[in-house]
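Worth knowing before you read on, the calculation uses all heavy atoms, side chains too, and leaves out hydrogens, waters and symmetry mates. In this chain, residues are counted from 1 in sequence order.
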Amino acid sequence: KLKEYITQNYDQEFAYEISIKNVDKPDLNEEEILERLNQFDSTENIIVDKAPLFSEKSTLFPKSTFLIGYDTAERLINAKYYDGNYRKMTKSLELIEDNKCAFLVAGRIQNGLFSTLEDLNIPEDFKSLFVEIPESDFRVDESSSEIRNRGKNGF
């Protein structure tokens, strides 16, 4: 559903990205990578990389628009995820901006409420990096992990 929305509304090539490394989670092992790859048919564009940070992804894939959920956008603008260093956070966002990348953000359920970009305190200098998918256009109240788990269990 989301891929259809993106391809119909944005003039960019679409690719799925699987990062072996993740800032908040253990690295994916070979079995997990293959399991994730097997979710897709052979016609899909899939990128597998070792870039856990969007600043790194922006260097690998300049001029890209990354599709993320509200929760990821929240982490991108929270100095807590940059060792509590606000300047480190802004440097990361500056690199993403310099690489001409942006974020397309889908709302998410947070603490029982549907949260959108309007609920985030995005630093003024970086607001243009974030574009919201309107709730009226697309809304799914599951995380990517929940969707993957549902697929594993045949639901």
Q) Quick one: is the NZ or CZ of Lys57 closer than 6.0 Å to the six-membered ring centre of Phe54, and within 45° of its axis? A) yes

Q. Hey, what do you get for OG1 (Thr90) to CG (Asn85), rounding to the nearest 0.5 Å?
A. 8.0 Å

**Q.** Short N-O contact, Asp49 and Lys21, less than 4.0 angstrom
**A.** no

**Q.** Polar contact flag, side-chain donor to acceptor under 3.5 angstrom, Thr116-Glu135
**A.** no

Q. Quick one: do Glu94 and Arg87 make a salt bridge, cutoff under 4.0 Å?
A. yes

(Q) Does this structure show an ion pair linking Glu74 with Arg108, if we count only N-O contacts that are shorter than 4.0 Å? (A) no

Q. Does Ile47 offer a backbone N or O that forms a donor-acceptor pair with the side chain of Glu17 under 3.5 Å?
A. no

Q) Atom CD1 of Ile46 and atom CD1 of Ile18: how far apart are they, to the nearest 0.5 Å? A) 6.0 Å

Q: For Asn99 and Cys101, indicate whether the former's side chain and the latter's backbone hold a donor-acceptor pair under 3.5 Å.
A: no

Q: Determine whether more than 12 heavy atoms belonging to other residues, nucleotides or ligands lie under 6.0 Å from atom CG of Asn121.
A: no

Q. Would Phe61 and Val48 show up in the same hydrophobic cluster when neighbours are defined by side-chain heavy atoms closer than 4.5 Å?
A. no

Q.
According to a hydrophobic-cluster definition based on side-chain heavy atoms being under 4.5 Å apart (Ile, Leu, Val, Met, Phe, Trp, Tyr only), do Leu93 and Leu95 belong together?
A. no

Q) Can you tell me how far CG of Asn38 sits from CG of Asp41, rounded to the nearest 0.5 angstrom? A) 11.5 Å

Q | Criterion side chain to side chain contact (heavy atoms under 4.5 Å, CB included) against Tyr16, the qualifying member of Arg36, Lys3, Gln39 | A | Lys3

(Q) Within the 3.5 Å criterion, strictly below it, is a donor on Tyr5 or Asp137 matched to an acceptor on the partner's side chain? (A) yes

Q. What's the spacing between Glu56 CD and Ser19 OG if we round to 0.5 Å?
A. 8.5 Å

Q) Is the Tyr70 to Phe114 ring centre distance short of 6.0 Å? A) no

Q: Look at the side chain of Asn45 and the backbone N and O of Phe14, then say whether any donor-acceptor pair between them is shorter than 3.5 Å.
A: yes

